[in-house]
Amino acid sequence: MKALPLTGLRVLDLSRHLPGPYVTAALADLGATVVKIEEKEIGDPTRGMAPAVSDGSDSALHAWLNRGKRSVALDLKSREGIAIVKAMAAKSDVLVESFRPGVMHRLGLDAARLRRKTPKLLFVSLSGYGATGPRSRRATHDLNIMGEVGLLSGGASMSPGLAADTAAGLLTLVAILAKLKDHGRRGYKGGVIDLSIMDGALALISAPLVRSLSAPDVEHDELWGTHACYRTYDCADGQRIALGALEPQFWRSICEALGFPDHVRTQWSRKKQGEMSADLERVFRSKARAEWLALLEPLDACVTPVQNLTEVLADPQIRARHAFAPQKTARGTFLSPTFLPAITGRKRPRAPRHGEHTRDVLRSLGLSKARIDTLRETGVIQ
């Protein structure tokens, strides 16, 4: 079997929750050896998040985000624990951390100190707001960031997809892969990457922002649910459909099918949006979603169902793209979302048990069995 692109790369993972582990899971999928540092007592908080996989061996979210990694459980508040992390960093190519800015410095694990000993280390920080700015050390979550960058300004109350977190993870992954293009070549010096969840969210709203930056006094709202041709509508059965008829030919097809030929020529009239939306709202409420889809889908005019997650899992287009694949657990397998299936199309290994590899990793650092036993007895490791 052909080796994966990042085979041989050593990654030290000090991140938790979603954005950082999403990055390191992708690196593991691509062949990197990822060692995850976890708190000695409870480990990554996602271990306790419901639901569990079908065999009960792990949280589904943790199993997905930490597939193929190795787990070391230790006390980062102890001097010995910090020394172990420093020794591991010295043998790593990439370090990923997701603490608030300043925490790694207080621990003595900041980029300047670690890279002084290991200049080729790529030190990656992924925090809420990044290392600079007035809110850099504040707590935040995906929902807060989505609101702050304008992603909720179109009327949405929230997104269940943790879109800002995931976008930040993808942005960080791109940055890491770009830096690694020279890895192994003469003169490679590693570096420092400082990215944030806010950066990821801003990437998602780039199109509206560039229009506003160019013409701040002009309303650019046709993609925000203010126009009848581009929004969702409720149907008679409480289900919804999404209408994305931006192109004139699509809008014409919809208007004619719904019995509103006069609306064709006023597609972009701001004065007419309220009237047109009210007409479409009234008509769409007259039939169930399935009836409307049967009538409108043949037009190929960008009319689709607003699906719940059960429908997403059964969607034939999504399944045809191999969006879900078997992943190992302690006692079986479960389906989880894939990552780059064309590159990593193989059954993925399970996530590690809490502290499963602590002893093995410490032995690889040259610690004796007696020393490891002492670290455990003194509470430094699990």
Is there a donor-acceptor contact under 3.5 Å from the side chain of Arg319 to the main chain of Leu313? yes

Would Phe99 and Arg106 satisfy side-chain contact (heavy atoms from CB on, under 4.5 Å), going step by step from the backbone distance to the final call? CA-CA 11 Å; Phe99 294 110; Arg106 290 199 301 273; over 6 Å; no

Determine which pairs satisfy side-chain hydrogen bond (donor to acceptor under 3.5 Å, both in side chains) with at least one residue from residues 254-267, sequence neighbours left out, and list them in order. His263-Asp279

For the hydrophobic clusters of this structure (ILVMFWY residues joined by side-chain heavy atoms under 4.5 Å, transitively), does one cluster hold both Leu27 and Val361? no

Looking at Glu356 and Ser71, would you say the former's side chain and the latter's main chain have a donor-acceptor pair under 3.5 Å? no

In terms of heavy-atom contacts, does CZ of Arg70 have more than 12 from other residues, nucleotides or ligands at under 6.0 Å? yes

Testing the basics here: between Thr358 and Val72, what is the closest heavy-atom pair and its distance to 0.1 Å? OG1-CA, 3.4 Å

How many angstroms lie between CZ in Arg47 and CG in Leu65, if you round to the nearest 0.5 Å? 11.5 Å

Should Arg363 and Asp360 count as an ion pair when the cut-off is N to O under 4.0 Å? yes

Heavy atoms, side chains only, cut-off 4.5 Å: are Trp64 and Leu335 in contact? no

Strictly by modelled atom types, are Tyr22 and Thr166 linked by a side-chain donor-acceptor pair under 3.5 Å? no

Each residue besides Val53 in its hydrophobic cluster should be listed here, by chain and number; the cluster joins Ile, Leu, Val, Met, Phe, Trp and Tyr at side-chain heavy-atom distances under 4.5 Å. Phe334

Side chains of Phe260 and Ile254: does their closest heavy-atom pair fall under 4.5 Å? no

For Arg376 and Arg359, run side-chain contact (heavy atoms from CB on, under 4.5 Å): C-alpha distance rounded to whole Å, both residues' side-chain angles, the deciding distance at 0.1 Å, then the answer. CA-CA 10 Å; Arg376 182 173 185 181; Arg359 287 181 173 272; 3.8 Å; yes

Passes side-chain contact (heavy atoms from CB on, under 4.5 Å), Leu76 versus Glu39? Steps please. CA-CA 7 Å; Leu76 281 178; Glu39 293 179 4; over 6 Å; no

Between the main-chain N or O of Gly81 and the side-chain N or O of Asp75, is there a donor-acceptor pair closer than 3.5 Å? no

With a 3.5 Å cut-off and no angle check, do the side chains of Thr24 and Lys36 form a donor-acceptor pair? no

Are Ser125 and Glu97 close enough that some pair of their side-chain heavy atoms sits under 4.5 Å apart? yes

Transitive ILVMFWY side-chain link Phe250 to Ile241, under 4.5 Å: no

Are Val264 and Leu296 in one and the same hydrophobic cluster, where Ile, Leu, Val, Met, Phe, Trp and Tyr link if side-chain heavy atoms are under 4.5 Å apart? no

Could you grab the distance from atom CG of Leu171 to atom CG of Asp199, nearest 0.5 Å is fine? 6.5 Å

Taking atom CZ of Arg270 as the centre, report whether more than 12 heavy atoms of other residues, nucleotides or ligands fall under 6.0 Å from it. yes

Decide yes or no on salt bridge (Lys or Arg N to Asp or Glu O under 4.0 Å) for Glu80 and Arg371, but give the supporting numbers first. CA-CA 11 Å; Glu80 296 90 342; Arg371 178 59 179 155; 5.0 Å; no

Short question: side chain of Asn66, backbone of Ala351 - any donor-acceptor pair under 3.5 Å? no

Donor-acceptor pair, Ser59 side chain versus Met49 backbone, under 3.5 Å? yes

Are Trp292 and Trp251 connected in a single hydrophobic cluster, I mean Ile/Leu/Val/Met/Phe/Trp/Tyr linked by side-chain heavy atoms less than 4.5 Å apart? yes

Give me the atom names and distance for the closest heavy-atom approach of Ala164 to Asp142. N-OD2, 2.9 Å

May I ask you to decide if Arg282's main-chain N or O and Ser286's side chain share a donor-acceptor pair within less than 3.5 Å? no

Would the distance check show the side chain of Arg353 and the main-chain N or O of Ala330 forming a donor-acceptor pair, the cut-off being under 3.5 Å? no

If I compare all heavy atoms of Pro349 with all of Gln327, which pair ends up nearest, and what's the gap? O-CG, 3.9 Å

Neighbour count >12 (heavy atoms, 6.0 Å) for atom CG, Leu213: yes

Measuring only between side-chain heavy atoms, which start at C-beta, is Val192 closer than 4.5 Å to Arg115? yes

Minimum heavy-atom distance between Arg16 and Ser98, given as atom pair plus value: N-OG, 3.3 Å

Hey, quick one: are Phe284 and Leu295 part of the same hydrophobic cluster, counting side-chain heavy atoms closer than 4.5 Å, chains of contacts allowed? yes

Does atom CZ of Arg321 have more than 12 heavy-atom neighbours from other groups under 6.0 Å away? no

Do Leu375 and Ile84 touch side chain to side chain, with heavy atoms closer than 4.5 Å? yes

Check whether Arg289 reaches the backbone of Pro305 with its side chain - one donor and one acceptor, N or O, closer than 3.5 Å. no

Going through the distances and angles, do Leu293 and Gln239 end up as a side-chain contact (heavy atoms from CB on, under 4.5 Å)? CA-CA 11 Å; Leu293 291 175; Gln239 305 274 29; over 6 Å; no

Min side-chain heavy-atom separation Ser15-Leu126 under 4.5 Å: no

State, to 0.1 Å, how close Ile205 and Pro208 come at their nearest heavy-atom pair, and which atoms those are. O-CD, 3.1 Å

The reported gap from SG in Cys229 to CD in Glu247 (rounded to nearest 0.5 angstrom) is 9.5 Å

Given side chains that start at C-beta, do those of Asp58 and Thr329 come closer than 4.5 Å, heavy atoms only? no

Interatomic distance, CD@Gln273 vs NE2@His227, rounded to 0.5 Å, equals 4.0 Å

Using atom types as modelled and distance alone, determine if a side-chain donor or acceptor of Thr46 lies under 3.5 Å from a backbone N or O of Leu61. no

Show every side-chain hydrogen bond (donor to acceptor under 3.5 Å, both in side chains) that has at least one partner inside residues 175-190, sequence neighbours left out. Asp93-His183, Asp182-Arg185

Heavy atoms only: give me the nearest Leu299-Ala257 pair and the separation to one decimal. CD1-CB, 3.8 Å

Does the side chain of Tyr129 reach to within under 4.5 Å of the side chain of Pro134, using non-hydrogen atoms? no

How long is the straight-line distance from OG of Ser153 back to CD of Glu148, given to the nearest 0.5 Å? 13.0 Å

How many angstroms lie between CE in Met276 and CG in Leu258, if you round to the nearest 0.5 Å? 12.5 Å

Short side-chain to backbone donor-acceptor contact, Ser214 and Arg211, under 3.5 Å: no

